[in-house]
Number of protein chains: 2
Amino acid sequence: MTSSAAVEAAPDTTYSITQLANEFGITTRTIRFYEDKGLLRPKRQGLTRIYSPRERVRLKLVLRGKRIGFSLAEIGEIMDMYDSEPGESGQLVYMLDELRKRRTMLQRRQRDIALTLQELDQIESQCRERLASMREAGARARSAAG
Amino acid sequence: MTSSAAVEAAPDTTYSITQLANEFGITTRTIRFYEDKGLLRPKRQGLTRIYSPRERVRLKLVLRGKRIGFSLAEIGEIMDMYDSEPGESGQLVYMLDELRKRRTMLQRRQRDIALTLQELDQIESQCRERLASMREAGARARSAAG
DNA sequence: ATTGACGTTTACGTAAACGTCAAGTAAGAT
DNA sequence: ATCTTACTTGACGTTTACGTAAACGTCAAT
């Protein structure tokens with residue numbers, strides 16, 4: 001048991017490209033594409049790509065960002081923020097503003113999703129009503145025939 | 001004051017394509033594109049498109065669906081569910097299953113967003129720490145010079 | 001020695017969601 | 001009558017995010 005919340009792999013664990021592809025249900029082509037876009041920087045043994053736990057985490061972040069609806073470019077920017085060097089004060093202020101924007105956007109999406117979930121509930125209850133009344137009608141027909 | 005929650009326009013209100021485009025911050029091209037994809041069906045006066053409050057609501061739903069990350073095709077399917085005719089029982093059962101899938105997906109996205117918001121908070125507090133320590137250092141320098 | 005699994009690069013293909021002209025219509029103002 | 005403004009229909013262009021195919025290297029097992 002370590003002090004970290006999630007199960008962390010030993011820092012010297014490595015993964016092949018197909019291992020990661022299988023684990024996350026994507027293709028190796030996709031992983032190479034992300035590297036091309038600067039989202040991943042695996043080490044190499046000769047030509048072969050070697051992925052560390054850190055790269056694996058980055059890949060996970062990319063996939064989560066995608067599900068949320070960020071573009072790969074945006075995901076890159078956010079990850080860059082995370083491990084950027086301190087930099088000058090102006091840069092930090094700019095980052096804070098960017099963060100505020102993202103947060104606002106995400107909060108709006110939370111609302112959007114909540115609304116949509118409500119509507120799905122509505123549609124579902126309508127479905128169930130219809131089904132119930134159809135079954136009721138069927139039962140009446142059977143009992144009349146019996 | 002009507003009995004409905006949101007402010008509803010009189011049912012005979014109409015909108016032009018540019019009105020809607022301006023209201024929602026999109027282009028007329030986009031609106032026509034959605035029509036092309038079967039998401040909207042405005043009436044016509046000659047060639048000119050006339051949008052009812054109902055079409056406006058559909059457009060709103062499309063844009064919300066997009067923010068959530070649905071494809072236009074998915075959005076179409078969902079809206080079709082909403083105003084589909086009762087249909088046969090098998091169709092209803094299929095719909096219920098589809099609804100379950102969407103719900104699961106949306107709940108996952110809620111979690112994704114929550115996680116991302118937490119991480120943005122982390123990045124932000126790091127930013128603020130750095131800024132604070134930079135200002136402190138600046139203050140020391142000024143007081144030494146004074 | 002060959003087969004198969006896994007890896008590589010390069011390059012062209014594609015679907016989605018529009019953007020961007022081009023060329024024309026239709027209605028009202030000057 | 002023509003000018004402006006808003007609207008129309010094509011049709012081709014663009015970006016994003018990969019898919020797909022070709023052509024090749026590497027290593028273990030048969």
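The structure displayed is predicted, hence computed values, not measured ones.
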Separation of [X] atom [atom1] from [N] atom [atom2], in whole Å?
X       : N      : atom1 : atom2 : value
B/Lys37 : C/dA16 : NZ    : P     : 6 Å
B/Phe33 : C/dA17 : CZ    : P     : 6 Å
A/Leu39 : D/dT16 : CG    : C1'   : 13 Å
B/Phe24 : C/dC18 : CZ    : C1'   : 18 Å
B/Ile26 : C/dC18 : CD1   : P     : 8 Å
B/Glu74 : C/dA16 : CD    : P     : 12 Å
A/Arg29 : C/dA11 : CZ    : P     : 13 Å
A/Ile75 : D/dT16 : CD1   : P     : 13 Å

Looking at [X], does any N or O in its side chain come under 4.0 Å of the phosphate oxygens OP1/OP2 on [N]?
X       : N      : answer
A/Arg32 : C/dT8  : yes
B/Ser16 : D/dA6  : no
A/Thr30 : D/dG19 : yes

Closest non-hydrogen atom pair between A/Glu35 and A/Pro42, with its separation: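 Minimum heavy-atom separation between A/Glu35 and A/Pro42: OE1-CG, 3.5 Å.
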
For B/Arg58 against B/Leu39, the heavy-atom pair lying closest together: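 What the structure gives for the nearest pair is NE-O, 3.2 Å.
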
Residue A/Tyr34, side-chain heavy atoms: nucleotide from C/dG7, D/dC18, C/dG19 that is nearest: D/dC18

A/Glu55 side-chain N/O to A/Arg41 backbone N/O, donor-acceptor pair under 3.5 Å: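 The answer is yes, because a donor-acceptor pair under 3.5 Å joins these two groups.
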
Test item: A/Glu74 side-chain N/O and A/Ser71 main-chain N/O as donor-acceptor pair under 3.5 Å: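 Confirmed, A/Glu74 side chain pairs with A/Ser71 backbone.
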
Touch class at under 4.0 angstrom, heavy-atom based, for B/Thr28 against every strand present: nothing

Summary of salt bridge (Lys or Arg N to Asp or Glu O under 4.0 Å) pairs that have at least one residue in residues 110-122 of chain B, sequence neighbours excluded: A/Arg64-B/Glu119, A/Arg67-B/Asp112, A/Arg103-B/Asp121

Strand contacts (DNA chain C) in residues 42-67 of chain A, 4.0 angstrom heavy-atom criterion: A/Arg44, A/Leu47, A/Thr48, A/Arg49

Note, B/Thr13 side chain near B/Arg56 side chain (heavy atom, < 4.5 Å): no

Pairwise side-chain contact, A/Glu23 with A/Leu20, heavy-atom cut-off 4.5 Å (strictly under): yes

